[in-house]
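Only this structure's heavy atoms are used, side chains among them; waters, hydrogens and symmetry mates stay out. Remember, it's a predicted structure, so these values are computed and weren't measured experimentally. Convention: sequence-line order gives letters A, B, ...; per-chain numbering from 1.
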Amino acid sequence: MTDQTTAPHTYATSSDSLLAGLNNKQLEAVTLPNQSALILAGAGSGKTRVLTTRIAWLIQTGQISPNGLLAVTFTNKAAKEMLTRLTTMLPINTRGMWVGTFHGLCNRLLRAHHREALLPATFQILDTADQLSAIKRVMKLMNVDDEKFPPKQVQGYINSCKDEGMRAHSVDAYDPHSQKLREIFEEYDKQCQREGVADFAELLLRCYELLERDANIRQHYQNRFKYVLVDEFQDTNRLQYQWLKLLAGHAQGNQRNCIFAVGDDDQSIYAFRGARVGNMRDFEQDFAIENIVKLEQNYRSHSNILDAANAIITHNRNRLGKNLWTSAGAGEPVRVYQAYNDIDEANFIVEEIQSLHRDGVDLSDIAMLYRSNAQSRVIEHALFSVGLPYRVYGGLRFFERAEIKHALAYMRLMANPNDDTALLRVINFPTRGIGARSLEQLQEVARQNDTSLWEAALLNTGKIGSFVTLIKQMQEESIGISLPEVAELATTLSGLKTFYQGEKEGEDRIANLEELVSAATAFMNQDLGLRIEQSDVDENGEIVQSLLTQFLGHASLEAGEHQADVGRDALQLMTVHAAKGLEFKAVFISGLEEGLCPHEQSLYEANGLEEERRLMYVAVTRARERLYLSHAQSRMLHGQVRYGIPSRFLDEIPEELLKRLNAKPVAKPFFQTASSSSEQKSAMPWKIGQQVGHGKFGQGVVVSYEGNADDLRIQINFGKEGMKWLALEYAKLEAL
DNA sequence: ATTGATACAGCAAAT
DNA sequence: CTGTATCAAT
């Protein structure tokens, strides 16, 4: 980056053209004076535009240089989007700019100061699955009963502690159970330290602690980042907010830097990973925000869609308050389809999509949304059978596939052989005669000497010795070759390719391994062809990590996004979470049944239902012109047929906005389940799956029944009221 | 030590 | 239903 490009007077575009087309509120937000600000930006109100224009305006008016700002988002998608938009607004080189996700930026900072952060230069990142296996290992070593302490729960405990900014020594534990949890937490962290690995939450916590502890580093970044911009502020957790305050110099009491926070409390859908909507109110207080700028004009959706969204969200109690409006016309009504079952629902959706497509709508402008990933299978099947191209986001991601994780594990060992998780993954894969027995011995030696498994392995000869030799050979051969060549090396020298060639259904896996090499090539080219060298210094005088380490970090932090058929016009399939921030001409929201949306688990959590409602709000506001809401009377869930009643969120939309595509749901005959024998059939007046009404519990659906003619009890799912067993003799039920 | 079969548990969202 | 854990047989 040269001085020339950062000097404001060199820009051809005037600030007028930058600001053209903004409405008053947007303009106000973009041109706010030099102070911290909170922008309450409703869905579709031009939030990203405001954020990027604000950056461009600050740069163009010479208030800040591109190096002096830090912009943080939650998804890689959003970060990329921001950078692309910036480059179209300003002739600047965005390389070297600090724009990224919290995790990405913390990773970058920790790499640059790994010594001060007490981490090896090549520290690796544990993804969720790696973390779980690491926890299981610790627990085994500590002889903890995994019945009493389910590893998944321990994982949740550790992560939520870290999200709150707490280490094992600072958490309260008064009863034996929580004391044990704390002990596992402590041992787990020790193990991570020994192995030189960090989980997702650790990246943030470690970075926070580094800035807090090291005044030099802290001041360096505080002096550099005069402007901190935060997207999706409502999704920040306590630790992230503390981190932001530290960067802004707020925690030292002499606030020097400005935070420009953009958020929407109605779109807070990440409480499950520690997000605190309350951070918005705290921010308002802590930074003495005088006027919150509210962006309430929606430019995205027709008013029927927007009215439906507003109607839903007004049922939430805890809101900052905001009402979206649009000058667009009413548009089409919101379509509601009641399907007989999940397959019927999928077929309906596919037919509608085909018809939309025939009418000239791009498939990529149509999205199919669902609450949980598992729901995509039925739709995928239906799409596949009619040959409609589609893209699934989320689900099994590329870098999470078994064969890719194996290859990556070899690459991780080349970079950092102390990574026990990686070592354990591949020491006997492909099998080379190192079984449980030898591993136990190896772990015992490591434990006694308090070293990593690798160091213990160095003492071995025999089969373990030849594994050590293999890794060492890989390390030697990797010197001076390019990243894709390293990937190639990891897949061949390890024997992975040969192994999968011998497998019956190994072709896909081999194709994926080849894809990994292409991914490495793409990564290398995108990074201006840096070659592997231990460390390098970029034009800003910052340390650049080895390309291999960068690539491995990329693989952990950006597990998805890498799908075949990118440029092709294809229907978009994703969860509602993944759809946040996106918009489509037509949107299908499926599975709107009690138990699925709102998810049954949410009903047991504090404020769980409100979060589900926000999720629904996010889903609805993705649509520009056409919105379909569908639910099924029965669906295959967890391996068995489940009967559900329509989601309460459907009832929250005024009837006049809706167009019911099948006013009277088709009363199709239901299959008799094996358990309902023929002699009981006569005594049972209701069909399984039938909709019934009850004076006290309202609408429900018959799930099952038991007993004989004199004592027949039927089980009914009343949704909001829960599952009930009723004695037929007394229950007054009416058919619906 | 490896393999293959069978039992069993869990099963929401994502950096 | 599906991935993982366990166990008996090679």
Side-chain angles (χ1 to χ4, degrees), chain A residues 72-79 100-107 125-133 136 140 146-147 150-153 155-156 159 162-163 198-204 232 235-237 239-240 268-275 342 369-378 393-397 399-400 402 427-440 462-464 553-561 574-581 591 595-605 608 611-612 614-616 618-619 635-642:
Chain A
V72 58
T73 63
F74 276 83
T75 64
N76 297 299
K77 222 187 270 168
T101 63
F102 277 101
H103 295 85
L105 295 173
C106 286
N107 180 37
I125 301 163
L126 297 186
D127 66 18
T128 312
D130 294 335
Q131 184 189 31
L132 188 63
S133 77
K136 284 183 185 164
K140 202 161 212 171
D146 56 4
E147 298 267 287
K152 279 243 173 81
Q153 274 179 36
Q155 184 178 31
N159 288 336
K162 291 187 178 182
D163 285 345
D199 58 54
F200 287 141
E202 182 70 24
L203 289 175
L204 302 180
E232 309 280 12
D235 286 333
T236 52
N237 63 32
L239 176 58
Q240 286 161 340
S268 160
I269 53 174
Y270 282 104
F272 72 92
R273 63 174 203 209
D342 47 353
L369 309 182
Y370 36 81
R371 175 69 234 271
S372 62
N373 282 309
Q375 286 170 254
S376 73
R377 312 185 92 256
V378 187
Y393 292 81
L396 328 39
R397 298 148 175 237
F399 286 114
E400 285 169 5
I427 192 167
N428 197 34
F429 194 93
T431 53
R432 35 178 87 84
I434 303 170
R437 187 93 198 93
S438 328
L439 275 181
E440 239 168 66
K463 286 169 176 169
I464 291 182
H554 164 82
S556 303
L557 291 172
E558 214 174 318
E561 313 295 304
M574 64 192 86
T575 63
V576 180
H577 282 92
K580 188 157 79 147
L596 210 55
C597 182
H599 196 275
E600 53 200 350
Q601 295 286 80
S602 71
L603 302 176
Y604 304 108
E605 287 159 20
E611 173 137 332
E612 295 291 303
R614 290 192 292 267
L615 207 48
M616 181 72 188
V618 168
R635 79 171 59 238
M636 204 64 167
L637 213 59
H638 308 322
Q640 53 188 354
V641 181
R642 289 256 308 236

By centroid distance (under 5.5 Å) and plane angle (under 30°), are A:Phe272 and B:dA13 in a stacked arrangement? yes
Quiz prompt | Centroid under 5.5 Å and tilt under 30°, A:His599 to B:dA12 | solution = yes
Can you figure out which of [options] approaches the side chain of [X] most closely?
| X | options | result |
| --- | --- | --- |
| A:Arg377 | C:dT2, B:dT2, C:dC1 | C:dT2 |
| A:Thr101 | B:dA13, B:dT15, C:dA5 | B:dT15 |
| A:Lys152 | B:dT2, B:dA1, B:dC11 | B:dC11 |
| A:Ala578 | B:dA12, B:dT3, B:dA14 | B:dA14 |
| A:Ser602 | B:dA12, B:dA1, B:dT15 | B:dA12 |
| A:Glu612 | C:dA5, B:dT15, B:dA12 | B:dA12 |
| A:Thr128 | B:dT15, B:dT3, C:dC1 | B:dT15 |

| query | Closer than 4.0 Å, any side-chain N/O of A:Lys580 to the OP1 or OP2 of B:dA13? | reply | no
**Request:** Have a look at A:Ile434 and say if it touches a base, only the backbone sugar-phosphate, or nothing, with a 4.0 Å heavy-atom cut-off.
**Result:** sugar-phosphate
Review point. Within the modelled atom types, does a donor on one side and an acceptor on the other bring the side chain of A:Arg371 and the base of B:dA13 under 3.5 Å apart?
Key: yes
* Check whether the side chain of A:Glu605 and the base of B:dA12 form a donor-acceptor pair under 3.5 Å. => yes
